[in-house]
2 protein chains.
Amino acid sequence: MRADYATRPRGAIERLLESDRRYLSATQIHTRLDVEQARVSLATVYRTLERLHTKGTVSARVDERGETTYMLCEPEHHHHHAICRICGRVEDVPCRALDEFASALQQRYGFELDGHAMEFSGVCNTCR
Amino acid sequence: MRADYATRPRGAIERLLESDRRYLSATQIHTRLDVEQARVSLATVYRTLERLHTKGTVSARVDERGETTYMLCEPEHHHHHAICRICGRVEDVPCRALDEFASALQQRYGFELDGHAMEFSGVCNTCR
DNA sequence: TGGGGTTTTGCGAATGTTTCGCAAATCCTG
DNA sequence: CAGGATTTGCGAAACATTCGCAAAACCCCA
């Protein structure tokens with residue numbers, strides 16, 4: 001039960017994600033596949049992305065316009081993303097600093113931290 | 001020009017926001033107003049929220065399901081939100097700690113930080 | 001206090017994203 | 001290569017959000 005067939009559409013989507021380390025929307029992915037003649041239906045794009053997200057190999061985030069975007073992302077160790085406002089490329093950022101912050105939060109507000117998300121916007125090395 | 005009429009719908013929406021310090025979606029607000037007999041069209045709810053957001057008195061965030069939610073929020077000084085996973089109530093968190101983090105980010109990755117958003121999820125004092 | 005010009009509202013229709021049902025196509029295994 | 005399980009593609013929903021426009025509400029000032 002619950003096999004995992006290696007199909008052409010899935011291959012195309014995964015290859016595209018591997019080639020571009022930034023958050024892309026389902027529509028963007030769909031359009032780009034179209035351009036490179038690897039036509040995949042939009043519904044399949046959504047389904048594949050959701051599958052990869054559940055599997056944990058893509059990170060999803062909704063952008064300021066409310067559109068969900070996806071990026072390949074190894075979850076091996078917890079980290080955060082610094083997203084370049086200009087080119088959209090993403091830098092991984094480890095998060096040791098947060099530990100002490102968590103304990104301060106606990107002491108000061110009695111808030112038991114069990115999850116967090118951070119996002120940084122700015123300009124990356126190459127764009128500057 | 002560009003006056004700012006104090007209308008019944010706006011009053012109702014603002015009063016509701018004042019009474020509940022957690023992020024609410026337009027639909028939730030619309031429904032709750034309905035319940036308390038202060039019927040306001042959904043379009044107006046959206047327009048009012050957008051107006052308040054532009055004015056800077058409400059903070060907007062899109063939740064994990066992609067829906068935009070709003071909460072009254074004085075922007076006087078930059079701070080972050082700790083959202084209780086259970087009751088949804090929001091705690092303000094100042095952010096001095098971030099300064100040193102920003103400079104580490106700059107030195108290590110050449111990433112010029114000019115904006116950031118943090119969100120913490122956990123369980124608040126009263127829920128525990 | 002009431003008229004008039006401006007701003008808002010409400011409605012339904014339009015838009016855009018995401019999901020769903022289902023038959024046809026694809027894929028793996030033996 | 002056949003058979004059964006999984007995926008795909010399509011168009012049709014299901015949502016959230018925005019828009020246009022006529023009617024209603026609001027404020028100002030005579």
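Quick note on labels: first sequence line is chain A, next is B, and so on, each numbered from 1. The model shown is predicted, which means the values in this text are computed figures rather than measured ones. Side chains included, hydrogens not; waters and symmetry mates left out as well; all remaining heavy atoms used.
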Which residues within residues 16-46 of chain A lie with some heavy atom under 4.0 Å of an atom in DNA chain C?
-> Leu42(A), Ala43(A), Tyr46(A)
Go through the structure and list residues passing side-chain hydrogen bond (donor to acceptor under 3.5 Å, both in side chains) with [X], not counting sequence neighbours.
| X | result |
| --- | --- |
| Arg21(A) | Asp92(A) |
| Arg8(B) | none |
| Arg39(A) | none |
| Asp20(B) | Arg22(B), Arg32(B) |

Rounded to whole angstrom units, what separation is found between the CG atom of Leu52(B) and the C1' atom of dT8(C)?
-> 14 Å
Separation of dT7(D) P from Leu49(A) CG (nearest whole Å) | 15 Å
Is there a side-chain contact between Lys55(B) and Leu52(B), using heavy atoms and a 4.5 Å cut-off?
-> yes
How about Leu49(B) and Ile29(B): do any of their side-chain heavy atoms sit closer than 4.5 Å?
-> yes
For Tyr23(B), enumerate each residue passing the ring-ring contact (aromatic ring centres under 6.0 Å, His included) test, keeping only those at least two apart in sequence or located in another chain.
-> His81(B)
Nucleotide by nucleotide, nucleotides 21-30 of chain D touches protein heavy atoms under 4.0 Å in the pattern (B base, S sugar-phosphate only, - none) -----BS---
Would you list the pairs meeting ring-ring contact (aromatic ring centres under 6.0 Å, His included) in which at least one residue belongs to residues 43-71 of chain B, sequence neighbours left out?
-> none
Which sits closer to the 5' end of DNA chain D, Arg10(A) or Tyr70(B), going by the nucleotide each is nearest to?
-> Arg10(A)
Between the two end axes of the helix from dT1(C)-dA30(D) to dG30(C)-dC1(D), each built from 5 base pairs, what angle do you get to the nearest 10°?
-> 30°
Close N/O contacts between protein and nucleotides 14-16 of chain C (under 3.5 Å):
none

Side chain to side chain contact (heavy atoms under 4.5 Å, CB included) partners for Leu72(B), two or more places apart = Leu17(B), Glu18(B), Val58(B)
Sequence neighbours left out, what passes side chain to side chain contact (heavy atoms under 4.5 Å, CB included) with Ser25(A)? Give chain and number order.
-> Thr27(A), Gln28(A), Glu67(A), Thr69(A)
Would Val90(B) end up clustered with Leu24(B) when hydrophobic side chains under 4.5 Å apart are linked, directly or stepwise?
-> no
May I ask you to check whether over 12 heavy atoms, not counting those of Glu36(B), lie within 6.0 Å of atom CD?
-> yes
